[in-house]
Protein chains: 2
Amino acid sequence: MPSNLNRSLIKNLDLFKSLSDAALDSILETAQVYRLLTGDAAFRQGEVADRFFVLLHGHLKVVQVTPDGEQVVVRYVNPGDVFGIARAMRRPNYPASTLAVQESLALSWPSTEWDDFTATNPHFASNALQTVGQRLHDAHARIQELSTEEVEQRVARAILRLVDQSGRQTPEGIVIDFPITRQDIAEMTGTTLHTVSRLLSAWKDRGLVISGRKRIVVCAVDNLIRLAEGPHTSTPQPTDAKV
Amino acid sequence: MPSNLNRSLIKNLDLFKSLSDAALDSILETAQVYRLLTGDAAFRQGEVADRFFVLLHGHLKVVQVTPDGEQVVVRYVNPGDVFGIARAMRRPNYPASTLAVQESLALSWPSTEWDDFTATNPHFASNALQTVGQRLHDAHARIQELSTEEVEQRVARAILRLVDQSGRQTPEGIVIDFPITRQDIAEMTGTTLHTVSRLLSAWKDRGLVISGRKRIVVCAVDNLIRLAEGPHTSTPQPTDAKV
DNA sequence: CGTCCCGTTGATCCCTATCAAATGTAGTGG
DNA sequence: CCACTACATTTGATAGGGATCAACGGGACG
């Protein structure tokens, strides 16, 4: 029972929205605090999904390993996000590993309590459905990108998404607020670190980004958006044709 | 209120599992029957998601259109599947179109009744979460394939999945039990109809499949599984080395 | 101050998209 | 029943985007 946690912070999380104060207290009663150092895993792919989590602070990445050892980054977990809810979807094991990319703090409960939570508060299950629905939507967007777009568009989109979720304004531009490598971006977009490096170099030359070791700053968001939208094969501009 | 529907058929659907007979009756009371001819849409991408559905008979395909007109097949809907539940995930519009690829029959309810259903039966929401969880799992598997595998593997996998879901045994082999084109498979796997055609031709020469206009029969499932697993870059066989 | 990890950059190759055209098949209407 | 049409499929030729192979450079951390 973590006593010194900021209750209002937790109260505003999507998952717990519209829970009564009493219900919230009772839930927090059984929460366990997880402190993760960079590189630590909250859980690993294949393990029995016996706990679920809410991230309070820091950033995690969710990675899937293929049978022949290649990795795919499924998503990044931001503060406020729920993760590790495999059991709620009746999947016995975690489908991916979740690793801290910086020092992070999470709350966690035994998966067995999920049903209690949903029984206690009808909104809980509905909120979860919404969350998973959002993830499904994101996954479909990604499938569409992988199926129809070129590497440069995909990388541009991936970076824009990161900026959107975890961007912090600086004098130079918007920086992605946690350490991220070329390899990570390659694993998000289905390409290689070499290609990502070349793209970032090219963009740097054009003044769109600044980037260094595990660090990316976007200077010209608009231009990046244009890249993400592709080569504009033929947008027939109706100039001044009469209707 | 469709009176002549086989109740036991509906009773066994995942979504309605463990509903009381009374609850089921009350739900069926408000169901509307949809008859769809080949090519008909249950709904179209972008429309307000005002109804949800259960497929009783036939096959539908769910397609997303990109801004520049390319199509992606999201999945096929099989008898017993729920579809069109965007609203339950709090998405106001359908994210894709759902088209009949053969004559089909579905039940449908107004999205507004979803909440009544879940309130009436606590298992309902949980079942839905499981369903969406399965779809998320499938989507991630597909992302992994698109990111790390070659076209031949992906096409092999796609066909195996179709065989699994909708295969019917025939003297020649297992046939995919609804009309499907090279283009459809290309849109499932992120490639072109040309490449799919070449692959199927090659497989036909090797005796793995028989295929014609909108028709695919798998003769040698095992060989196809081997293809799906890839070039086996280096499975170091420990022959008889001592440990 | 050395070592590890991350990033950069060149050279080469090949898978697969693209372009192009012919063939085959179901359906339709006269 | 056959000609006509629309759509599916096949197959060849070509080119190019990116993966792969290879090597070096550079910053961070112990």
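Residue numbering restarts at 1 for every chain, and letters A, B, ... go by the order of the sequence lines. Basis for what follows: all heavy atoms, side chains included, without hydrogens, waters or symmetry-related copies.
- Straight-line distance from the CG atom of A:L200 to the C1' atom of C:dT8: 11 Å, rounded to whole Å.
- Across the interface with DNA chain C, nearest-nucleotide mapping of A:L193 and B:E70 shows A:L193 to be the residue nearer the 5′ end.
- Side chain A:R215 to base D:dG27: no donor-acceptor pair is found below 3.5 Å.
- When the C1' atom of C:dT9 is taken as reference, atom NZ of A:K204 falls 13 Å away, rounded to whole Å.
- Rounded to an integer number of Å, the gap from A:I216 CD1 to C:dC6 C1' is 12 Å.
- Atom P of nucleotide C:dT8 and atom CG of A:L199 are separated by 11 Å, given to the nearest angstrom.
- Checking side-chain atoms of A:R75 against main-chain N and O of A:A139 turns up no donor-acceptor pair under 3.5 Å.
- In this structure, B:E103 places its CD atom where only 12 or fewer heavy-atom neighbours from other residues, nucleotides or ligands lie under 6.0 Å away.
- B:H194 contributes no side-chain N or O that forms a donor-acceptor pair with the base of D:dT9 under 3.5 Å.
- Nearest to the side-chain atoms of B:T181 among the listed nucleotides D:dA8, C:dT16, D:dA19 stands D:dA8.
- Spacing between atom CZ of B:R182 and atom P of C:dG24 amounts to 15 Å, rounded to whole angstrom units.
- Across the protein-nucleic acid pair, B:E152 atom CD and C:dT16 atom P stand 9 Å apart, rounded to whole Å.
- Nucleotide D:dG17 holds its C1' atom 11 Å from the CZ atom of A:R154, rounded to whole Å.
- Distances shorter than 4.0 Å separate some side-chain N or O of A:S201 from OP1 or OP2 on C:dT9.
- In the set C:dA11, D:dT10, D:dT11, the nucleotide with an atom closest to the side chain of A:R198 is C:dA11.
- Comparing D:dT11, D:dG18, D:dT9 by their closest approach to the side chain of A:E150 singles out D:dG18.
- The side chain of B:T192 lies closest to C:dT18, out of C:dT9, C:dT18, D:dT10.
- Not a single donor-acceptor pair, N or O on each side, falls under 3.5 Å between the base of C:dT8 and the side chain of A:R213.
- Inter-residue side-chain proximity for B:L160 and B:D164 is flagged as unmet; no heavy-atom pair is nearer than 4.5 Å.
- Here the options are A:V101, A:D81, A:L60, the test is side chain to side chain contact (heavy atoms under 4.5 Å, CB included), and the partner is A:Y76; only A:V101 passes.
- We find that CD of A:E149 is positioned 16 Å from P of D:dG17, with the value rounded to whole Å.
- Phosphate proximity of D:dA19 to A:T195: present, with a side-chain N or O under 4.0 Å from OP1 or OP2.
- Side-chain contact between A:L162 and A:F178 is present, with heavy atoms from C-beta onward closer than 4.5 Å.
- When the side-chain nitrogen and oxygen atoms of B:S197 are compared with OP1 and OP2 of D:dT10, one or more of them lie within a distance under 4.0 Å.
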